[in-house]
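All remarks here apply to the structure that follows.
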Amino acid sequence: MRIALAIALCALCATLASRSAWAAEPATKAPSEGLSAYVSVAGAPGDGEQALAAALAKRLAATGVRQASALEANIYDIQGTVRMSPAQGGKETVTIIWVVLGPDGNQLGVTRQTEDVEKGSLDKRWGAAADAAAAAAAADIVKLLPQ
C-alpha cells in the first residue's frame, strides 16, 4: 500500500511539474523593500493547509516578501482556499483560489489554479505538489503586490 502511494505521488509530482496550470517560471522581480505577508490556507485535505502555506511563504520570501504573523500590523494577507471535487477516470479536481488583500483590507486581486490528480493522492501528504502549486501561485501573487 505504501509503495503504491509513493509511486502515485511520484507520478503526481511529475505531472504537476510538467503542466502549465501548476508549473510557472519563478518570479524574477522583487517587490518593494519591507513587504510582509501572512499566508493562510483553508479547506485542503491532509497536511495541505500547512504544506501550501509554508511552501508559498518560502516562495514569496525568495522574492523579498517577508513572512509575517497574523498579529502584525501593515501586512499583506494572502488567503488560499482549496476545493476538491470529483472528476472522471479515478481522478479529482483540485482548485486553489488565492485572494490577496492589502494592509488596509482591500482586495488587490485573485488568482486561481485548477489541476486534476489521482483520487485520494492528496489525502495525507502534499509534499512536492504543494511546492509546485506554490511556485505557480507565487509568480501571480507577486504581480499583485506593489513593485
Side-chain angles (χ1 to χ4, degrees), residues 2 5-6 8-87 91-147:
R2 287 186 182 176
L5 180 58
L9 285 175
C10 287
L12 170 67
C13 293
T15 300
L16 292 178
S18 67
R19 292 227 177 143
S20 62
W22 291 97
E25 294 298 316
T28 55
K29 292 201 293 192
S32 305
E33 289 295 317
L35 287 182
S36 298
Y38 176 70
V39 179
S40 62
V41 177
D47 71 348
E49 292 177 5
Q50 297 80 14
L52 283 167
L56 183 58
K58 180 180 174 182
R59 292 289 181 157
L60 292 175
T63 70
V65 178
R66 185 182 70 79
Q67 184 176 359
S69 73
L71 302 176
E72 291 182 50
N74 201 32
I75 61 170
Y76 291 83
D77 189 12
I78 302 168
Q79 301 171 353
T81 303
V82 178
R83 290 194 177 95
M84 308 292 284
S85 58
K91 302 219 179 241
E92 59 190 342
T93 301
V94 181
T95 302
I96 307 172
I97 300 169
W98 298 100
V99 178
V100 180
L101 304 170
D104 58 2
N106 287 325
Q107 183 174 305
L108 300 178
V110 177
T111 186
R112 178 186 185 105
Q113 299 169 284
T114 302
E115 183 70 36
D116 286 346
V117 298
E118 291 298 318
K119 184 175 180 170
S121 63
L122 299 176
D123 286 353
K124 293 184 180 177
R125 292 190 31 83
W126 279 57
D131 192 52
D140 291 337
I141 290 168
V142 165
K143 293 175 188 174
L144 298 173
L145 298 172
Q147 301 297 309

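Keep in mind that the numbers below use all heavy atoms, side chains included, and drop hydrogens, waters and symmetry copies. Here the structure is a predicted model, which means the values were calculated and not measured.
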Sidechain-backbone polar pair: [X] side chain, [Y] backbone, donor-acceptor under 3.5 Å:
| X | Y | result |
| --- | --- | --- |
| Q113 | A136 | no |
| E49 | G43 | yes |
| D77 | G105 | no |

Should the heavy atoms of other residues, nucleotides or ligands under 6.0 Å from CG of N74 be counted, would the total exceed 12? no
Give the minimum heavy-atom separation between [X] and [Y], together with the two atoms involved.
| X | Y | result |
| --- | --- | --- |
| A87 | T93 | CB-OG1, 3.6 Å |
| P146 | L35 | O-CD1, 3.8 Å |
| E118 | K91 | OE2-NZ, 2.8 Å |
| V41 | G48 | CG1-O, 4.5 Å |
| L122 | A129 | CD2-CB, 3.9 Å |
| W98 | S40 | CZ3-O, 4.5 Å |

Audit row: T95, R112, side-chain contact (heavy atoms from CB on, under 4.5 Å) steps and yes/no: CA-CA 7 Å; T95 302; R112 178 186 185 105; 3.7 Å; yes
Note, [X] side chain near [Y] side chain (heavy atom, < 4.5 Å):
| X | Y | answer |
| --- | --- | --- |
| L101 | Y38 | no |
| V65 | I141 | no |
| I78 | L60 | yes |
| S36 | Y76 | no |

When V94 is tested against each of D116, T114, V117 for side chain to side chain contact (heavy atoms under 4.5 Å, CB included), which residue passes? V117
Residues forming a salt bridge (Lys or Arg N to Asp or Glu O under 4.0 Å) with D131, sequence neighbours excluded: R59
